[in-house]
Amino acid sequence: MSMPETPSRIFRGRVADQIVEDLRRQILDGTLPDGSRLPSERELAAYYDVSGPTVREAIRVLTATGLVNTRNGSRAVVTAQGDTLLAVSIASLVQVEKVSGREVFGLLGALNAYAAELAATQASDEEVTRLRESSQAIPASEGVAQTATALREFFDTLSAISHNPLLAALCRFITEMQIELAVKLAGSDNRDFVQVVGSLHTERMRIVAAVASRNPRHAAAVVRDYHRLTVEQITEARKAAGDSPVSGTALTEALTAWLRTNVTLGGQVSNPRGSLL
């Protein structure tokens, strides 16, 4: 991948940090697009007029922040994907600030309500049809994995048709966490998750109808009702299975464990969509 002919001026001080900032700027503004290869270590050293170890230090920092990936000693590849960068940031914030599981998933309810509010005014008729089809596909799913995938698709579609990229990215990641934990917390028998999801089919169709009505306030209210009913249904499922209620501490511990397993320091988010069961 070609670099600008004239590098940003490197001043005295933490040279590696300045290289990191220059490469970071080029990645974020698209000069070095996602999927492109960085110049070799020798080329970067000559470009910035620095030593090889200084370049390696800069690349290590970019790798740790999820902006590039290095494997088997090959040239670094730009991995500037919005979802990955957001996931790493959220995971770090949740763990550093000791954010509770209830706070995280309470936020999801608010985000999905806002997505429905925006979709009611921004989504096209074709997009509303796609939302309806994704809702209708959930009851036809077989087993926990398929049901979880279909449920995720419904809420991913809802956030996408809000036409707010940041909102959609936030919703996708937190929805991923919630669904995975819901599978584990619905009851000792994972099939309880399928039953809970199935029992809420009418409520999801109400969300579709509310968006189609083009009434933003009503759409948001219906989504909030859905999230409240989901918590109630999971609680009842655990009770019926003879499992004790999920404490706030247990939920937070489960969330932290999921983040540590699925979001790594190197900025690579493992494929949780394939990790159910």
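Throughout, residue positions are numbered sequentially from 1 according to the sequence presented.
Val99 approaches Thr252 most closely through the heavy-atom pair O-CG2, 4.0 Å. The two residues Val263 and Ala87 have their closest heavy-atom pair at CG1-O, 4.0 Å. Nearest heavy atom pair, residue Leu86 against residue Leu170, reads CD2-N, 3.5 Å. Annotation for Ala123 and Val128: closest pair CB-CG2, 4.1 Å, computed over non-hydrogen atoms.
The salt bridge (Lys or Arg N to Asp or Glu O under 4.0 Å) check on Asp225 picks up Arg228, with sequence neighbours excluded. Take Glu117 and apply the salt bridge (Lys or Arg N to Asp or Glu O under 4.0 Å) test, not counting sequence neighbours, and it matches no residue. When the side chain to side chain donor-acceptor pair (under 3.5 Å) test is applied to Gln122, no partner is found at least two apart in sequence or on another chain. A search for side chain to side chain donor-acceptor pair (under 3.5 Å) contacts involving Gln195 returns nothing, not counting sequence neighbours. With sequence neighbours excluded, the residues satisfying side chain to side chain donor-acceptor pair (under 3.5 Å) with Thr157 are Glu153. Applying the side chain to side chain donor-acceptor pair (under 3.5 Å) criterion to Thr235, with sequence neighbours excluded, gives no partner residue.
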Evaluation steps, salt bridge (charged side-chain N to carboxylate O under 4.0 Å, His left out), between Arg60 and Glu57: CA-CA 5 Å; Arg60 279 196 294 270; Glu57 181 181 352; 5.4 Å; no
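In terms of modelled atom types and a separation under 3.5 Å, the side chain of Ser135 and the main chain of Arg132 share no donor-acceptor contact. With Thr70 contributing its side chain and Ala76 its backbone, the two residues share no donor-acceptor pair below 3.5 Å. Side-chain N or O atoms of Glu203 include none that pairs as donor or acceptor with a backbone N or O of Leu200 at under 3.5 Å. Not a single donor-acceptor pair under 3.5 Å links the side chain of Arg56 to the backbone N or O of Glu41. Judged by distance alone, with hydrogens and angles left aside, the side-chain atoms of Thr256 form no donor-acceptor pair with the main-chain N or O of Glu253 at under 3.5 Å. Gln146 places no side-chain N or O within 3.5 Å of a backbone atom of Gly143 that could act as its donor or acceptor partner. Distance alone, capped at 3.5 Å, is enough to place a donor-acceptor pair between the Ser141 side chain and the Ala137 backbone. A donor-acceptor pair is defined here as one N or O able to donate and one able to accept, closer than 3.5 Å; such a pair exists between the side chain of Thr65 and the backbone of Val61.
Residues Leu151 and Leu229 are members of one and the same hydrophobic cluster, defined by side-chain heavy-atom contacts under 4.5 angstrom among Ile, Leu, Val, Met, Phe, Trp and Tyr. Val231 and Leu107 fall into different hydrophobic clusters, where Ile, Leu, Val, Met, Phe, Trp and Tyr residues are linked whenever their side-chain heavy atoms come under 4.5 Å apart, directly or through other members.
Rounding to the nearest 0.5 Å places CG of Asp156 at 11.5 Å from CD1 of Ile161. His218 contributes atom NE2, which lies 10.5 Å from atom CD1 of Ile207 (distance to the nearest 0.5 angstrom).
Within 6.0 Å of atom OH in Tyr114, 12 or fewer heavy atoms from other residues, nucleotides or ligands are found, so the atom counts as exposed in its surroundings.
Leu167 places a side-chain heavy atom less than 4.5 Å from the side chain of Cys171. Considering only heavy atoms from C-beta on, Thr84 stays 4.5 Å or farther from Thr79 through its side chain. Proximity of Thr175 to Arg152: side-chain heavy atoms (C-beta onward) are separated by under 4.5 Å at one or more points. Counting heavy atoms from C-beta on, the side chains of Phe193 and Ile179 come closer than 4.5 Å. In this structure, Leu67 and Leu85 have side chains that are in contact, with non-hydrogen atoms separated by less than 4.5 Å.
Checking Asp29 against Thr31 by side-chain atom types alone, a donor-acceptor pair falls below 3.5 Å. Remark: the Asp22 side chain and the Tyr48 side chain contain an N/O donor-acceptor pair separated by less than 3.5 Å.
In summary, Arg24 and Glu21 engage in a salt bridge, as defined by a charged side-chain N under 4.0 Å from a carboxylate O.
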